[in-house]
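Only heavy atoms go into these numbers, but all of them, side chains included; no hydrogens, no water, no symmetry mates. All figures in this text were calculated on a predicted structure; none of them were measured in a lab.
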Amino acid sequence: MSKGSFPIKEFEGQRTPFYYYDLDLLRETLDTINREAGKHEGFHVHYAIKANANPKVLRVIRKAGLGADCVSGGEIEACVKAGFPSSKIVYAGVGKCDWEINLGLDNDIFCFNVESIPELEVINELAAAKGKVARVAFRLNPNVGAHTHANITTGLAENKFGIAMRDMLKVIEEASHMANIKVVGLHFHIGSQILDMGDFHALCNRVNELQDELERHRIQLEHINVGGGLGIDYQHPNRVPMADFKAYFDTYASRLKLRPGQTLHFELGRAVVAPMGSLITRTLYIKEGSTKKFCIVDAGFTDLIRPALYQAYHKIENISSDEPMEAYDVVGPICESTDVFAKQIDLNHAHRGDLLAIRSAGAYGEIMASGYNCRQLPQGITSDELT
């Protein structure tokens, strides 16, 4: 979505800050995902709810036919409410509470992605109490590094996630003696915002090795889940408004050796929703420093925490001005020195009241907002509502 395509007139009556979701871009993205994944037999895509759980967004994703990847009981409730079939819901997470496991059992979800033997024992016990058999996949830690921020890698040996590869046969053997557990697959996830397809090549090679090991022990599984992790271009949201789904799915189709009848599951989040979202904020003051200018806006890290938490870059545009460019530090009102969206970036000359769009904020934006400083949570407004 280019700078000129924002419905600025409609924005004027909205209380800022708020999230604006371009549902036309989201639908185009979902069509592309379905087309590219559909070229390969047995590929199934689940949307990672943690990226954005806005009910209006979830309904569009559900209508496109994607499944859901949940990491909490609240997310299971959200996707059930949005109409996702329970047969397409997977539930991951290193610390599942009993009530969350029971919720999954009561809804007969597709699969629990299990991360430890103690967790497996609890699921078996709770399933037995309900007279049910829980379908589980074991999340293995493949010790595959990803070229991304250190805080969003999840596949290294020192991460808290997953079961060590050396314990794979042990946990499958232990599960085989549990009357209320059915092992249906293996689950992997190596990190987020990955743009180097070589990282996914490495994961494919590791999965192939593990599958060979399982076959030597006459163990066959129904499905493989490789998580998500596909990144987007935060630098150029207008020129590159969509992730490279073709390269992503083609990588797995060419590198991963699925067994006959085996299905491959993906858990995409950021790549689905990040490009279609922008945080719209209003300029409060232009403050002249001794060596720089500050553009002080009404959004803060309570609304979008990624720059403060990950030093993440988001392109920022002054959508109210066509005047010459000037350099600004764009900062928020929170009483913390880390409440900075960007330093020394070029914006069209800014005035009090100008609207800024912080781009590519559809993932890990609204969902991570907080009430720190007793601030109100930002609303999510869709393009459908403003047309």
Donor-acceptor pair between Glu317 and Asn238 side chains, under 3.5 angstrom: yes
So how far is it from Leu103 CG to Cys97 SG, rounded to the nearest 0.5 Å? 11.5 Å
If we check side chain to side chain contact (heavy atoms under 4.5 Å, CB included) with Leu356, which of these qualifies: Ile319, Val330, Leu279? Val330
From Met165 CE over to Met168 CE, what is the distance, rounded to the nearest 0.5 angstrom? 9.0 Å
Rounded to the nearest 0.5 Å, how far apart are CG of Leu195 and CG of Asp233? 7.5 Å
Apply side chain to side chain contact (heavy atoms under 4.5 Å, CB included) to the pair Thr29 and Met276, showing each step before the final yes or no. CA-CA 9 Å; Thr29 300; Met276 61 100 190; over 6 Å; no
Are the side chain of Asp329 and the backbone of Gln344 linked by a donor-acceptor contact shorter than 3.5 Å? yes
Is the Phe11 ring parallel, tilted or perpendicular to the Phe6 ring (thresholds 30°, 60°)? tilted
Near Gln220 CD, under 6.0 Å, is it more than 12 heavy atoms from other residues, nucleotides or ligands? no
Does a donor on one side chain sit under 3.5 Å from an acceptor on the other, for Thr302 and Arg375? yes
For the pair Asn180 (side chain) and Lys132 (backbone), establish whether a donor and an acceptor sit closer than 3.5 Å, ignoring hydrogens and angles. yes
Ring centres of Tyr248 and Phe266 under 6.0 Å apart? yes
Do you know which two heavy atoms are closest between Cys79 and Ile49, and how far apart they sit? CB-CD1, 4.0 Å
For the residue pair Thr281 and Asp298, confirm or rule out a side-chain donor-acceptor distance under 3.5 Å. yes
Hey, mind stepping through Met178 and Glu121 against side chain to side chain contact (heavy atoms under 4.5 Å, CB included) and telling me if it holds? CA-CA 8 Å; Met178 295 181 178; Glu121 293 169 343; 3.8 Å; yes
Check Leu105 against Ala134 and note the closest heavy-atom contact, atom names and distance. CD2-CB, 3.8 Å
In the structure I gave you, are the side-chain heavy atoms of Val297 and Phe341 within less than 4.5 Å of one another anywhere? yes
At what distance, to the nearest 0.5 angstrom, does CG of Leu126 lie from CD1 of Ile101? 5.5 Å
For a quick test of reading the model, state the closest non-hydrogen atom pair linking Ile381 to Lys56 and the distance between them. CA-NZ, 4.4 Å
Stepwise side chain to side chain contact (heavy atoms under 4.5 Å, CB included) check, Lys287 with Val331: CA-CA 10 Å; Lys287 179 180 176 180; Val331 301; over 6 Å; no
Any donor-acceptor pair under 3.5 Å linking the side chain of Asn102 with the backbone of Asp98? yes
Quick one: are Tyr252 and Leu258 in side-chain contact, heavy atoms under 4.5 Å? no
Would you tabulate the side-chain donor-acceptor contacts of residues 57-65 under 3.5 Å, counting partners in other chains and residues two or more places apart, or write 'none'?
residue, atom, partner, partner atom, Å
Arg62, NE, Ala82, O, 2.8
Arg62, NH2, Ala82, O, 3.3

Please tell me whether Tyr310 and Gln193 have a donor and an acceptor in their side chains that are separated by less than 3.5 angstrom. no
Above 12 or not: heavy atoms from other molecules or residues under 6.0 Å from CD of Glu41? no
Hey, what do you get for OG1 (Thr283) to OH (Tyr285), rounding to the nearest 0.5 Å? 12.0 Å
Provide the closest heavy-atom pair for Ile358 versus Ala361 in the form atom of the first, atom of the second, distance. O-CB, 3.7 Å
Are the side chain of Gln211 and the backbone of Val207 linked by a donor-acceptor contact shorter than 3.5 Å? no
Distance-only side-chain donor-acceptor flag, Tyr21 / Asn52, under 3.5 Å: yes
Enclosure of Glu125 CD (heavy-atom neighbours >12, cutoff 6.0 Å): no
Note: Lys257 and Asn208 closest approach over all heavy atoms is N-OD1, 2.9 Å
For the residue pair His314 and Tyr234, does the interplanar ring angle fall in the parallel (under 30°), tilted (30 to 60°) or perpendicular (over 60°) class? perpendicular
Pairwise side-chain contact, Ile280 with Tyr19, heavy-atom cut-off 4.5 Å (strictly under): no
Calculate, to the nearest 0.5 Å, the distance between atoms OG1 and CG belonging to Thr251 and Leu203 respectively. 11.0 Å
Asp339 versus Pro333, closest heavy-atom pair with distance: OD2-N, 3.1 Å
Sidechain-backbone polar pair: Glu385 side chain, Thr382 backbone, donor-acceptor under 3.5 Å: yes
Residue that, paired with His265, satisfies side-chain hydrogen bond (donor to acceptor under 3.5 Å, both in side chains) out of Lys88, His223, His46: His46
Between Glu115 and His187: side-chain donor-acceptor atoms closer than 3.5 Å: no
In terms of hydrophobic clustering (I, L, V, M, F, W, Y; side-chain heavy atoms under 4.5 Å; direct or indirect links), are Met197 and Phe249 co-clustered? yes
Is the side chain of Arg135 donor-acceptor paired with the backbone N or O of Phe110 at a distance under 3.5 Å, no angle test? yes
Over 12 non-hydrogen atoms of neighbours within 6.0 angstrom of NZ in Lys182: no
Take atom CD in Gln376; do more than 12 heavy atoms of anything else shown fall under 6.0 Å from it? no
Do Leu221 and Leu186 have side-chain heavy atoms sitting under 4.5 Å apart? yes
Applying side chain to side chain contact (heavy atoms under 4.5 Å, CB included), run through Ile219 and Leu169 and close with a yes or a no. CA-CA 9 Å; Ile219 297 173; Leu169 293 173; 4.0 Å; yes
Salt bridge check, Asp24 against Arg27: does any charged N sit closer than 4.0 Å to a carboxylate O? yes
So, the side chain of Glu100 versus the backbone of Gly73: is there a donor-acceptor pair under 3.5 Å, distance only? yes
NZ/Lys292: more than 12 non-hydrogen atoms of other groups inside 6.0 Å: yes
Which word best sums up how the rings of Phe43 and His40 line up, parallel for under 30°, tilted for 30 to 60°, or perpendicular for over 60°? tilted
Gln379 atom CD, over 12 foreign heavy atoms within 6.0 Å: no
Tell me, yes or no, whether the heavy-atom count around Lys81 atom NZ, taken from other residues, nucleotides or ligands under 6.0 Å, exceeds 12. no
Close side-chain approach of Asn348 to Met325, heavy-atom, < 4.5 Å: yes
If we ignore hydrogens and angles and just use 3.5 Å, is the side chain of Ser360 paired with the main-chain N or O of Ala274 as donor and acceptor? no
With under 30° as parallel and over 60° as perpendicular, where do the rings of Phe301 and Tyr372 fit, or are they tilted in between? parallel
Cluster link Ile296 to Val340, ILVMFWY, side chain under 4.5 Å: yes
Just wondering, do Met368 and Lys50 contact through their side chains at under 4.5 Å, heavy atoms? no
Parallel, tilted or perpendicular for His351 and His349, by the 30°/60° rule? perpendicular
Using modelled atom types only, decide if a donor and an acceptor are shared between the side chain of Arg206 and the backbone of Pro142 within a distance under 3.5 Å. yes
